[in-house]
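Counting starts at 1 for both ligands and their atoms, in listed order.
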Amino acid sequence: MPERHAVVAGAGIGGLTAAIALHRRGWHVTVCERAPEAPVTGAGIGLAPNALRALDTIGVDAVRATGSAIPVTMGVRRSAGQWLTRTGTADMAARYGIAPIAVPRPAFTAALAAALPPGTIRYGTAVTAVDDAGNRPIVRTEAGPDLPADLVVAADGIHSPLRRAHFPGHPGLNYLGETAWRALVDAPDLRIPAMSETWGRGQRFGVTPLSDGRYYLYATAVVPAGTRSADARAELRERFGTWHDPIPALLDRVGRLDPADVLQNDLYELAAPLPRLHHGRIAWLGDAAHAMAPNLGQGGCQAIEDAVVLAHLLPAGSRVGGAGGADGDRTDSADCVPAALAAYTAARRDRTDAVRLRARRVGRLGALRHPLAAAARDLAVRATPTRLALRGMDDLFNGFRLPG
Ligand SMILES: Cc1cc2nc3c(=O)[nH]c(=O)nc-3n(C[C@H](O)[C@H](O)[C@H](O)COP(=O)(O)OP(=O)(O)OC[C@H]3O[C@@H](n4cnc5c(N)ncnc54)[C@H](O)[C@@H]3O)c2cc1C
């Protein structure tokens, strides 16, 4: 059987997971990443049970790779501190078989990269185009020789140049009306036993303890796109400095960070679903395919699900061996790649679009600015029994399935 070669554009969470999953199915994989090197700074990311289960199926133990899950209370608070709703990681573990974890992003992507054979990732290699006119797409890069491939995975993020090139009629991105700040702070002395998101009027502040004693903080505010202050640390203190404990103490730590370590991103989503998640032998995944508001903490989780499902549907590569590869029931013809990609669209498009729309709805609730509307929202959340609220997450957290 000829060796099958996949080129992955982008070494984010989605691209790296796809590379691992394809490698484990016997494909030869090259990852082209525009950035000159692996990220060493960055914020945190929450990995929900659905993503952890997807990673399990390809043998990646994210918890072991990046620290341990820590038992905490988790829920939503008001700016004065009252809990509107709360549960615990133990309840989540009991319901979903595995508790969500939060990890420093650079450590998580480093752990994913370490699961690939040395030399798989080419940093400083921006993909400029994919010529898919023939039977074997040719990946053009800024840095080096063209790369012929049997499959191209477009994991090039929310602004995906490949999405814009291959879906020219798509309306692109939609500004969600909010900006978000993220930071990691060292504060082992604070011993905060809760993962919380606090809602004010048009502003939110999230606190997530990490197992290494640090805290992943995020905050959002309703502002016109492109609004930037001279010093994000001072702006955060001004906006959230009077909110409940331990937010002021955490903002003190933010004040000690290098200004560059406070990340700020305006929030965008894909304005409409892509008509399909593939084109010829190119498959889109993650933010490139379905960028969504971060309110459910599912953008990266869905990228992981995409990657695992995609590799599962593709024919096995030669290293897995034998006609049909590991599964035995797959034809080994390279020509089954387009059919596998059509099956990938069928398996993933509706789920990811439903999550995108749901994340948008949750974001709108969190961004309410009118005092009466915010008060009614808080009342409704407070009146919803925790078990009912958790049940509402079942389709997300239990929704990862490998197509049969
Ligand atoms: C404030 C905020 C909080 C979030 N919190 C969570 C959370 O808790 N949980 C969660 O699951 N998700 C969360 N998300 C969403 C999550 O960050 C994204 O959904 C996720 O990073 C998408 O992964 P990706 O691999 O698709 O894209 P990216 O992580 O954006 O990776 C794309 C990669 O492609 C590279 N690239 C771009 N163009 C090219 C090119 N031409 N050639 C080569 N490489 C290229 C980029 O440099 C980048 O490395 C959050 C998002 C935000 C903004």
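Residue Leu16 does not touch ligand 1, judged by heavy-atom distances below 4.0 Å. The side chain of Arg105, and not its backbone, has at least one atom closer than 4.0 Å to an atom of ligand 1 (non-hydrogen atoms only; side chain from C-beta on). Under 4.0 angstrom from ligand 1, the non-hydrogen atoms of Arg182 all belong to its side chain. Contact annotation for Cys32 and ligand 1: only backbone heavy atoms (N, CA, C, O) come within less than 4.0 Å of the ligand. Residue contacts with ligand 1, taken as heavy atom pairs separated by less than 4.0 Å, involve Asp156 via backbone and side-chain atoms alike.
The aromatic ring centroids of His290 and Trp284 lie 6.0 Å or more from each other.
Protein heavy atom nearest atom 40 (C) of ligand 1, with residue, atom name and distance: Val127 N, 3.7 Å. Here the protein heavy atom with the shortest distance to atom 34 (O) of ligand 1 is Gly10 CA, 3.3 Å. Among protein heavy atoms, atom 23 (O) of ligand 1 sits closest to Gly14 N, 4.1 Å.
Residue Arg364 qualifies as open at atom CZ: its count of foreign heavy atoms under 6.0 Å is 12 or below.
In this structure, Arg377 and Trp199 have side chains that are in contact, with non-hydrogen atoms separated by less than 4.5 Å.
Between Arg369 and Arg201 the shortest heavy-atom distance is O-CD, 3.2 Å.
Distances from atom 35 (C) of ligand 1 to the heavy atoms of Arg34, Gln302, Glu33, His159 show the closest one on Glu33.
Using modelled atom types, one side-chain atom of Arg356 and one backbone atom of Leu270 make a donor-acceptor pair closer than 3.5 Å. Under the 3.5 Å distance criterion, the side-chain polar atoms of Asp306 are matched with a main-chain donor or acceptor of Gly286.
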>> What verdict does the salt bridge (Lys or Arg N to Asp or Glu O under 4.0 Å) test give for Arg182 and Asp261, after you've listed the backbone C-alpha separation in whole Å, the side-chain angles of each residue and the deciding distance to 0.1 Å?
In response: CA-CA 8 Å; Arg182 286 176 284 175; Asp261 290 336; over 6 Å; no
